[in-house]
Amino acid sequence: MRAQTGLKPMPCRLLLLDLDGTLVDSAPDLHAAACRMRQQRGLADLPYAVFRPLVSRGGTAMLQQSFPDADGEQIAALLPEFLGDYGARVAERSRVFAGMPEVLQAVEAAGGRWGVVTNKPEALARSLMGELGLGSRCAVLIGGDTLAVRKPSPEPLWEACRRLGESVAAAIYVGDDPRDIQAARAAGMRSVAAAWGYIDADTNPACWGADHIAVSPLDLLSPSLLGLACTHGRF
């Protein structure tokens, strides 16, 4: 864990997480959906290593990579098909990132709450969370279409805090895309760049302006970051 701004650590009562590439490794199912669409059009599968870094940038970016000859109008027409195919098999291969179960348990054991703020459509996000057994534990979920705006607007983060009656000062947001950090900074919320997420080799999260960089999910358990009470194990 590497501090970026020297902010004085404060206890975290609300841990907010991006979904794809931060809490859940959903790229395998999204890649499979894109490959099925390509196969139906007589195209070869797109290499997973090329596709994976695009997942946190949204459906349009994934489709632009999958169908590079398509124009903007064609990509927009393909998006419902892509989301529908993906939604029908939303959790066949997706898994919570290793270390994240321990993080969520630690937050809950310390009396805190955790939630999700994602640009993924809310219905798909709720379906994925439910399939992974996390829906009932998630205190708040804000999707990309929950409000009229999405990240990098700070409004989704503010809305998550409003719904739980929590202050921005007691919340931390973790994400693997520059828009996540931009949203947190605009909201006045502490931020963590998730370096384990969907970040390509040419991208340096240190340039995003996050308060911290976490190399792995377990780095979130640093007492200097979340300020969790030492109740058991390593926390």
Determine, using the 4.5 Å side-chain heavy-atom cutoff (strictly less than), whether [X] and [Y] are members of one ILVMFWY cluster.
{"X": "Val116", "Y": "Tyr86", "value": "yes"}
{"X": "Leu134", "Y": "Leu14", "value": "no"}
{"X": "Leu15", "Y": "Tyr173", "value": "no"}
{"X": "Leu157", "Y": "Val140", "value": "yes"}
{"X": "Leu16", "Y": "Ile213", "value": "no"}

What I'd like to find out is whether the side chain of [X] reaches to under 4.5 Å of the side chain of [Y], using heavy atoms alone.
{"X": "Tyr48", "Y": "Pro28", "answer": "yes"}
{"X": "Arg41", "Y": "Leu78", "answer": "yes"}
{"X": "Trp196", "Y": "Asp219", "answer": "no"}
{"X": "Leu23", "Y": "Met129", "answer": "yes"}
{"X": "Gln105", "Y": "Arg137", "answer": "yes"}
{"X": "Leu63", "Y": "Gln74", "answer": "no"}
{"X": "Met189", "Y": "Pro154", "answer": "no"}
{"X": "Phe67", "Y": "Leu43", "answer": "yes"}

Gap separating the [atom1] atom of [X] from the [atom2] atom of [Y], nearest 0.5 angstrom:
{"X": "Leu141", "Y": "Leu19", "atom1": "CG", "atom2": "CG", "result": "7.0 Å"}
{"X": "Cys138", "Y": "Leu17", "atom1": "SG", "atom2": "CG", "result": "8.5 Å"}
{"X": "His212", "Y": "Arg190", "atom1": "NE2", "atom2": "CZ", "result": "7.5 Å"}
{"X": "Asp25", "Y": "Arg52", "atom1": "CG", "atom2": "CZ", "result": "6.0 Å"}

Contact summary for [X] and [Y], nearest pair of heavy atoms:
{"X": "Ala106", "Y": "Leu221", "result": "CB-CD2, 3.6 Å"}
{"X": "Pro217", "Y": "Val103", "result": "O-CG2, 3.3 Å"}
{"X": "Ile142", "Y": "Ala160", "result": "CG1-CB, 4.1 Å"}
{"X": "Gly209", "Y": "Ile181", "result": "C-CG2, 3.9 Å"}
{"X": "Val174", "Y": "Thr22", "result": "O-CG2, 3.6 Å"}
{"X": "Trp158", "Y": "Ala186", "result": "CZ2-O, 3.7 Å"}

Without swapping roles, check the side chain of [X] against the backbone of [Y] for a donor-acceptor pair under 3.5 Å.
{"X": "Asp176", "Y": "Ala194", "result": "no"}
{"X": "Ser56", "Y": "Asp20", "result": "yes"}
{"X": "Arg13", "Y": "Arg113", "result": "no"}
{"X": "Asn119", "Y": "Lys151", "result": "yes"}
{"X": "Thr146", "Y": "Gly143", "result": "yes"}
{"X": "Asp145", "Y": "Glu122", "result": "yes"}
{"X": "Arg38", "Y": "Ser66", "result": "yes"}

**Message:** Using side chain to side chain contact (heavy atoms under 4.5 Å, CB included), reason through Asp177 and Tyr198 one step at a time and then give a plain yes or no.
**Reply:** CA-CA 8 Å; Asp177 187 85; Tyr198 301 142; over 6 Å; no
**Request:** Test Leu104 against Val96 for side chain to side chain contact (heavy atoms under 4.5 Å, CB included), laying out the working first.
**Result:** CA-CA 11 Å; Leu104 303 182; Val96 177; 5.5 Å; no
**Asked** Residues in side-chain contact (heavy atoms from CB on, under 4.5 Å) with Leu54, at least two apart?
**Response** Arg57, Met62, Gln65
**Message:** Per the ring pair (Phe, Tyr, Trp, His ring centres under 6.0 Å) rule, what does the pair list look like for residues 108-134, sequence neighbours excluded?
**Reply:** none
**Item:** Pair Ser26, Asp29: side-chain N/O donor-acceptor within cut-off below 3.5 Å
**Value:**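 Ser26 vs Asp29: no donor-acceptor pair found between side chains.
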**Prompt:** Near Glu73 CD, under 6.0 Å, is it more than 12 heavy atoms from other residues, nucleotides or ligands?
**Reply:** no
**Request:** Return the set of residues passing ring pair (Phe, Tyr, Trp, His ring centres under 6.0 Å) with Phe51 (not counting sequence neighbours), or none when no residue passes.
**Result:** His31
**Item:** side chain to side chain contact (heavy atoms under 4.5 Å, CB included) assessment of Gln182 paired with Arg185
**Value:** CA-CA 5 Å; Gln182 292 167 15; Arg185 288 171 63 89; 5.9 Å; no
